[in-house]
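Single-structure report; data block below.
Numbers for residues simply follow the sequence, beginning at 1.
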Amino acid sequence: MERYKHAVFFEANHSLDIAQIQKYFQIKRKSGGGDCEILKLGVNTYKISFRDKEAQKRVLAQKDHVIHLQGQEELYISLRSDDIAERDKQTKASDQQTCASAKHMEKVFNVDRYLLRYLNECKNATSDLNQRLSKLSSSFHICMDSEKLVVVTEQQDKDSCPPKKWHLAVEEVLTDIQNHYILHFEVETDRLEILQENSFLLNENLKKYHEETLAVVVGKRENVEKITKFIDTLQAKKQDHRKCHISEKQLALVKEQFEQSRKSSFSNIEISQEKPGTVILKGPEKEVDAGEKELLNLVKVIEEKRIPLHHSIITFLESSGGIQLFQKRFQQSLRSPVMLEIAGLDLLLLSLTDGALTEAAAAVKRDMCFESLCLENTEKQSPGFITLKDNLNAAVQQANLGGVKVDVAFKESSNSTSPSINVEIVGYTHEVCRLKDILLEYKTNNENIHQSLPLPLPEMAEKFSDILSFVGLKSSTVKMDPTCSPSPCVQLTGPRWEVEGLKKNIETSLKGLVSKLYEVNGPGVQHFFHGDGSETLKLAKKSYGVQIIPVQRTQKSVQVPRNASTSSSQYSLPVVPRPDYGPKPMEVDYLDKDLHIQVVIGGLEEQQADVFVAPMINTKLTSTMIGSCLLEKGGQQFQTNFNNAKGQSTLTPGDVLEVDGTLTLGCSKVFFIECVPKSGEALHSGLARVLTLCEQQSCGSVALPIIGPGLALSIPVNDAVNILTREITIFFSGFTALFSSLTTDLDEIVTAESGTQVHLVLGDITNETTDVILNTTDFTTADFQTAQVQSGEIFKTQPGGFPCKQIMHVCGQKSASLIETLAKEIVVHCERDHYQSVAIPAICAGKGCMDPKEVAKSILQGVKNGIQGANLRYLKTVRIVLLKINVFLAFKEMAKQILGINTQLSVLGPLAPTRVTTRGRSSTTGGRDATTTRASRSLSLPIRNNNNLLLSLPAALAKAEFLVIGHTFDDVSNACTALKWEYENQCSSQSIASEDIKCLSADEINQLNSKVKSLHLHMQETSSGVYEVMGQKDGVNEVAGLIQGALRRQLRQLDQENLYGQVTWCILGQRGLWQKLSKDMNYKLEKGDVKDGIMDAQGVKWTVDLKNMVAKASGTRKKTKLKRLENHSDYSLPIYWDKMTPDEPVKVVNLDQSSTEYQKVKADFRKTVKQTVLKIERIQNVHLRRSYEVRTKEQENRNGPDGAEEKILYHGTTEEASKAIMDTNFNRRYAGQNATVYGVGTYFAVSASYSANPLYSIPKSDGTQLMFVARVLTGRYTQGQGTMKAPPNNFDSVVDKTQDPTIFVVFHDCQAYPDYLITFK
């Protein structure tokens, strides 16, 4: 009890259900209270004690509460914080004392605060109370804060009104007032809304007071009762509509019981069904609530049972009215009704008893049936099926006379290769069985059969209708369907007797024919017979009475993968056995087929073949990576198979262990070869044994890796490839093994870009022998501690032990843009240093972890930028060497996008034929002499710069194969001869000198290669070194014309090249600067071929007037000048010079003041000098300029990235000295005339104002001064000193100060060139 310390009090005039009230005050969301207990203190007084102070405060804050008591009217209580009864006792005692001692008396009443407010606000009520109290000589006043009404008597004699009598009289007045003026509480939401909407009913004598969740109406009793009746009436009009989710079937089962409850307990509600699955209850809210509860309780009693039925039975029950029939039947035969309804693919049974459900379910399953029968090889329009359909439809009509009892449907099947029809019967079991008997009778007597007639060749299946006509067999009702899958045959479908008879006739007819497989060999032979030669085929058929069927033979292959320990290429060699297409009703001559090489990327364990071949060491499964991969794929069962095969036997090197495969491996067996590390002998003998075993055991395919290059055996890649190809060549001698045409995705790729070849190579860069090798580093190792390399710079070192001339070191810093810049600079440096070849790795694709595609894009774009437009003279080969396969493939893909030209593939490894001692076959590989070189089997066309780029064309002639069928041997032979003669009559050949081929460029070789292939020609080199082109006449002539045209173009290009060095034609550009024209435009101008105009470097077309040396832009009035410069035999004049004759060593040209050249020189001079420029002369001294350019090259080669650093500087002079300088250049022997502060050399100033000083540019008598504008090769410079006669080592010049120098001193006469002489005043 001590826990409940915080009490509140209320009064009630009748007994209460304390438990319900306590529950209300314990729910915080309703009352604001909490944990509490309730005690009754007196007759009408109750005490609520709360555990928490906050709960007490919350309930007192609301004060008035409305509590819904179950089965009773609502209870309205008003809470107080003190005990009223106890307080009244104290008040009475106090009153008695007061009345005894005072001259007047008063009495205090606790009145409901809403009544107090009413008495205070309503004048009539106030007047009424005053009148009543005045009769007792009393008055009253109201204290709203304490909710008290105080009655006071006026002063009078003590004997005239005894206190007790006065108290009783006052209490009677107050009781009458409280009965006359009553309070009515409204808490229901809908009633509050009605009261709010009809506020006009309230007036001065009828008041309404609002709280949060209730309204209080105060007034005379008759007025309050009148307004409550009005609210009741309006509330009754507002009916509640309630939706109950109950199915029609459920309602039907419980409707009778629900009606009984409705009439007795909630008769004011109405029930209706608005839509299936929904019941509507309409009426007063309370009755609707009760009705809904009762209805749902009744539905819960319903039992359910689901019967899974075929969807056809469900559909039939719905469409035939079967559900209603079953319900009616169950209502009559079962004690409890059963309702049926469809629930998805199930039939749902509902009843009030489980026994009725069980009986109903058994009846439905027994009485309903579905049957489906397939009529195979039956067509919808066949006469037999039409009769069957009519009979079944008649039986259905008869069965359904008294109502729908059965239904039948016919459906064509799409799951079979042959036509078939499914007949579906659904309905009542008795009727279904009767129709099924009709169907089974038809199936036994009339169903078609299906038989297959094998054919020897797929082409016979494709042309079967022609063959049938050829042997004179007419079509019948039997359907004939020739097919090649899975083997060539004719599918015969029809009635049994017709199918068997036709099959026998076809077999007899085919056995009486003569046939032959015949080949016509030659370039483009298949193309010929598919084109113009098709008429030859028709003529031969008609002339000799034969059938000619083209044969397209496919070949089986044996995969030969590389070592499975890496993601390398895999080779495969096809084995084409004698074709086996099943029974052969006629004799056919077969020819041996070629063997080919395929390449597969992946591991051995990923392949599918009859036999896998793998290496092992010391008879241990996991001794090599290949074995480990096979074990991982094959699982523990494969390990068990290996142990069982191994047993107690001891294997010597070269022996083979046969191990059964597992279901998870794509093979039947695995042949393990016992190998020895770094030794090829055991591998040679092991491979020979493997191939022999495959043939002995009739294996259709075998997958071999390139065994050896892994860590376990350590056999070089080239040796491993040669061992494998040698053994294959030996074993399959007598067949044509086309190793020469083998290509893979990993072959070296060669392409030409502006005359420079770019190679993509899969390999190790340390094996390269180029002039320059590129090394990637971060410059943090000890080898580079003294190197001061800035970002983007190239650091060069001597090759050391590498077989190259120089090593370049770079750091890509994982930046794509920097890598692209470095790639371009590498090309520039190689050209500048006169290197012919360079090898570049994938910068940052290894340890840098950059995306290979991003690296490929940067390097290839950088190389292309370095080559394009640079007119390289020295660098001819760029080899991009890539160590990883995924990087190589990324570069290959990116090369197609960036280089934008077709790539050429070179052979992966040395694959020369070998003379062998065969195992029961011919003694020479491919039937050729063993001395035959690989070049005799493929055409080698070197490109113009002779760097071993070969174009391989297949040596094997094409062939067209035909199956010729006739009635006699002579007809067949004559037809074959006619085919060969007609083809050869359309062919020709031409010889081309090898020197002409060698003159072709790489692009022209590519074009020739494409043309030979597209025209289906054959090209080979004869023993005399002449290339012979063979094939159809038009194609041969076109190729010959292509070569002649290429040679003519090359001759013209050579003429253009030679002329370009002798004569230079220039055009004055938009900015007043002379521009060289291209070689072809140069050639046209020199030859006077300008009728079509010329085009400049910007793509602008000009018409030319050679007489006046002017050009006019097409479509505009713009004109410009032309200039022709004749170059010396050993020197090309700068294009801004005027023309000079060969015997004219020095020429001084006075510049036109309106020219751009004059304005540019003058503007630079005037930046620091304010004197007037009188004239500017250009000095054209061929000897001095040639020496200057030689010096430029020397400094560039010596300084590397720093270069020659040419600057435009100024040199003040005199008239006498200027003449000597123009003739013999600046001479350091005259140093000292104007001081030698920074060394004994020639001084040049950055600023013209410095050289304009009269001390250096001494004025003439007329006040004019002279100054040279010179080109100076400052190169690397350092601080100068007066005693210096040459720059320190590794420097080219000295300066007055190393930071922002203003004076440069050079010590070599050729290190400066006097470009212009300015006369100023």
Side-chain angles (χ1 to χ4, degrees), residues 868-871 1059-1086 1090 1093-1106 1108-1128 1131-1140 1144 1146-1167 1173 1175-1182 1184-1186 1188-1189 1192 1203-1210 1248 1267-1273 1312-1319:
Q868 273 190 344
N871 200 16
L1059 181 64
Y1060 204 59
Q1062 299 170 7
V1063 176
T1064 302
W1065 280 83
C1066 305
I1067 188 170
L1068 193 61
Q1070 294 181 355
R1071 298 182 179 179
L1073 300 177
W1074 290 99
Q1075 299 176 359
K1076 275 187 179 182
L1077 290 167
S1078 62
K1079 293 178 182 179
D1080 54 342
M1081 296 298 107
N1082 194 79
Y1083 186 84
K1084 289 180 68 174
L1085 285 167
E1086 187 64 21
V1090 294
I1094 62 171
M1095 186 175 294
D1096 63 16
Q1098 287 72 39
V1100 179
K1101 192 171 182 180
W1102 303 82
T1103 57
V1104 175
D1105 180 0
L1106 287 177
N1108 296 313
M1109 294 296 281
V1110 295
K1112 181 180 179 182
S1114 299
T1116 68
R1117 297 181 180 179
K1118 180 181 179 181
K1119 291 185 178 181
T1120 190
K1121 296 179 181 180
L1122 295 173
K1123 179 168 66 175
R1124 179 181 181 274
L1125 296 177
E1126 290 189 16
N1127 298 321
H1128 293 202
Y1131 181 71
S1132 296
L1133 301 181
I1135 62 172
Y1136 67 92
W1137 281 15
D1138 287 1
K1139 61 182 180 179
M1140 298 176 65
E1144 190 177 13
V1146 180
K1147 184 174 184 177
V1148 179
V1149 179
N1150 193 2
L1151 297 185
D1152 182 358
Q1153 293 188 6
S1154 63
S1155 68
T1156 303
E1157 184 180 8
Y1158 180 94
Q1159 297 298 329
K1160 175 69 169 63
V1161 177
K1162 177 182 176 181
D1164 291 342
F1165 174 81
R1166 293 278 293 172
K1167 287 179 183 178
V1173 175
K1175 68 176 177 177
I1176 300 175
E1177 298 168 291
R1178 184 195 315 119
I1179 308 341
Q1180 298 182 183
N1181 189 315
V1182 175
L1184 297 184
R1185 188 60 179 255
R1186 183 192 296 113
Y1188 175 79
E1189 292 184 3
T1192 302
E1205 283 293 320
E1206 181 183 73
K1207 297 184 186 301
I1208 304 300
L1209 304 176
Y1210 297 93
M1267 182 188 302
F1268 278 108
V1269 180
R1271 297 176 180 267
V1272 184
L1273 304 175
Y1313 176 78
D1315 214 9
Y1316 299 97
L1317 180 63
I1318 302 175
T1319 303

Could you go through the salt bridge (Lys or Arg N to Asp or Glu O under 4.0 Å) check for Asp1138 and Arg1178 one step at a time? CA-CA 9 Å; Asp1138 287 1; Arg1178 184 195 315 119; 3.6 Å; yes
Can you check side-chain contact (heavy atoms from CB on, under 4.5 Å) on Trp1074 and Ile1067, steps first, answer last? CA-CA 6 Å; Trp1074 290 99; Ile1067 188 170; 5.6 Å; no
All heavy atoms of Tyr1210 vs all of Ala1248, minimum pair found to be CD1-N, 3.5 Å
Of all heavy-atom pairs linking Asp1096 and Val1100, the shortest is OD1-N, 2.8 Å
Side chain Lys1147, main chain Lys1139, donor-acceptor under 3.5 Å: yes
Using salt bridge (charged side-chain N to carboxylate O under 4.0 Å, His left out) as the criterion, point out the one residue from Lys1207, Lys1160, Arg1271 that pairs with Asp1315. Arg1271
Evaluate side-chain contact (heavy atoms from CB on, under 4.5 Å) for Met1109 paired with Arg1124, printing each intermediate quantity in order. CA-CA 9 Å; Met1109 294 296 281; Arg1124 179 181 181 274; 4.3 Å; yes
Distance, nearest 0.5 Å, that separates CE of Met1140 from CG of Asn1181: 7.5 Å
I'd like to know if the side chain of Thr1103 and the backbone of Lys1112 have a donor-acceptor N/O pair within less than 3.5 Å. yes
Side chains of Glu1157 and Tyr1316: do they bring a donor and an acceptor to under 3.5 Å? yes
Interatomic distance, CG@Leu1184 vs CD1@Ile1179, rounded to 0.5 Å, equals 10.5 Å
Enter the distance from Met1267:CE to Thr1319:OG1 here, rounded to the nearest 0.5 Å. 10.5 Å
CZ (Arg1186) and CG (Leu1133) are apart, to the nearest 0.5 Å, by 10.0 Å
With respect to Leu1068, which candidate in Leu1073, Leu1122, Thr1120, Val1110 satisfies the side-chain contact (heavy atoms from CB on, under 4.5 Å) definition? Thr1120
Gap separating the CG atom of Leu1151 from the NZ atom of Lys1162, nearest 0.5 angstrom: 12.5 Å
Among all residues two or more places apart in sequence or in another chain, which pass the ring pair (Phe, Tyr, Trp, His ring centres under 6.0 Å) test with Phe1165? Phe1320
Using the rule side-chain contact (heavy atoms from CB on, under 4.5 Å), only one of Val1149, Thr1064, Val1182 pairs with Trp1137; which is it? Val1182
Counting C-beta onward and ignoring hydrogens, is there a side-chain heavy-atom pair between Val1269 and Val1161 closer than 4.5 Å? yes
Hey, what do you get for CG (Leu1317) to CD (Glu1177), rounding to the nearest 0.5 Å? 5.5 Å
Is the closest side-chain heavy-atom distance between Lys1118 and Trp1102 below 4.5 Å? yes
For Tyr1158, is there any backbone N or O sitting under 3.5 Å from a side-chain donor or acceptor partner on Asp1152? no
Just jot down the ring pair (Phe, Tyr, Trp, His ring centres under 6.0 Å) partners of Tyr1188, sequence neighbours excluded, or say none. none
Check: Gln1159 side chain, Gln1153 main-chain N or O, donor-acceptor pair, under 3.5 Å: yes
